[in-house]
Chemist: 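Pasting in a structure now, in structure tokens, and then I'll have a few things to ask.
Just so it is clear, the model here is predicted, and its values are computed rather than measured.
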Amino acid sequence: MRTEPPAGDDFERMIVRISENVLLAAESQLPAAEAAPKPRFRFGALSIIVLVVLGLGAAGGALAIGLGNSPWGAVEPTATTSTTQAPSRTPQPTPTATTPAVPTVPTVAIGEASFSPPSWGAGIPVELSGFAPNTEFALSIDSHYSAGSSSPDDYFSVLTTPTTVTTDDRGAVSFVWTPDSFPQNIASTESGQIWESYLRVDASGGPERDPSGDEYVDPIAASGPLPITYLPIDDVSVQLQSCIEPEVFSGQSGVPVTVTGLVPGETVYLRGSRTDNPYSYSLSGEGVADGQGTAVVGLSGSSVQTSAAIAPAQWQLTWTGSYRATASDANPLGSVPLTIGGCG
């Protein structure tokens, strides 16, 4: 039996009821509402509504619709949470200003420097600390000489002219000092070779003599040994006759010997000895170099009484200077052979 399609208003009311039923059926299949960034319709339900309306319009009659699951499936939104972690920071200690420690005893320090005669070069970097604040002190170079002794504890002192310095409110002072003279490796024939040189600090009046002897009292403080490198002996050369008659030595001036290669103002020391018996007799002489480093020295025999005592014989003449390195196997004295007597 064929049913006629409703006409006019009845058809529109039927469409409305069908749409409402479809919507209610679709709603019953929707999951519970969840929080999401933006509300959305389910795509499957909306597709069914559109198909129903289109189908009804094309068929023009009653339409039975089976409500099934959407062939595309429901797209469920996934809630995501983005959290930015704050950078972790390790607490750093607050830097604090530190005050340099002040020595509890007077201390004398010399900076990195080395010296070679006859000049102090740029001077001696000196640092004093631990002294009485705002007080004057005297500084000098104290050079210790052997004076014939074999022990460094037994010495003869030679001092430079003192200079005066004043400490600050912390008992310190830092400056560069150029002394008025340079220590000689041999100060005189009596002083012998140098042991070492020190920078000493005394009260403002300068070093004081020990009442019980000829030495100076101990300083308030002293530095370590000054780094001094003396000059090679073989830089010096000697010219003299190779054979000399003994009568020539009887004169007061002695036999002239020319020495070159010295430092201006340096003292040169000569010594002659017999090669067959070097300790029986000796010849000696000393002189000071001029501005060109040359000295003319009179060689004489202080212990020789007659010419027969020194001739005929073979001798050896040796030398060193006041700014020359101490003689050693590695740095021997300069020497030349000398014949005395029988020169004809």
Chemist: Could you grab the distance from atom CG of D235 to atom OG1 of T260, nearest 0.5 Å is fine?
Modeler: 10.5 Å
Chemist: Out of L199, I124, V173, which one pairs with L139 under the side chain to side chain contact (heavy atoms under 4.5 Å, CB included) rule?
Modeler: L199
Chemist: Working to the nearest 0.5 Å, report the span between CD of Q193 and CZ of R324.
Modeler: 13.0 Å
Chemist: Work out which heavy atom in Y145 is nearest to a heavy atom in N185; give both atom names and the distance.
Modeler: CE2-O, 3.7 Å
Chemist: V259 and L240: same hydrophobic cluster, using ILVMFWY side-chain contacts below 4.5 Å?
Modeler: yes
Chemist: Distance check, rounded to the nearest 0.5 Å: F115 atom CZ versus S197 atom OG?
Modeler: 11.0 Å
Chemist: With a 4.0 Å cut-off on N to O distance, would you call R274 and D276 a salt bridge?
Modeler: yes
Chemist: Is a donor from one side chain sitting under 3.5 angstrom from an acceptor on the other, for N331 and T326?
Modeler: no
Chemist: Side chains of E136 and S204 only: does a donor on one sit below 3.5 Å from an acceptor on the other?
Modeler: no
Chemist: Is L159 reachable from W195 through a run of hydrophobic residues whose side-chain heavy atoms are each under 4.5 Å from the next?
Modeler: no
Chemist: Would T318 and S335 count as having a side-chain donor-acceptor pair, cut-off 3.5 Å?
Modeler: no
Chemist: Using 30° and 60° as the class limits, which term best fits the ring planes of Y155 and H144: parallel, tilted or perpendicular?
Modeler: parallel
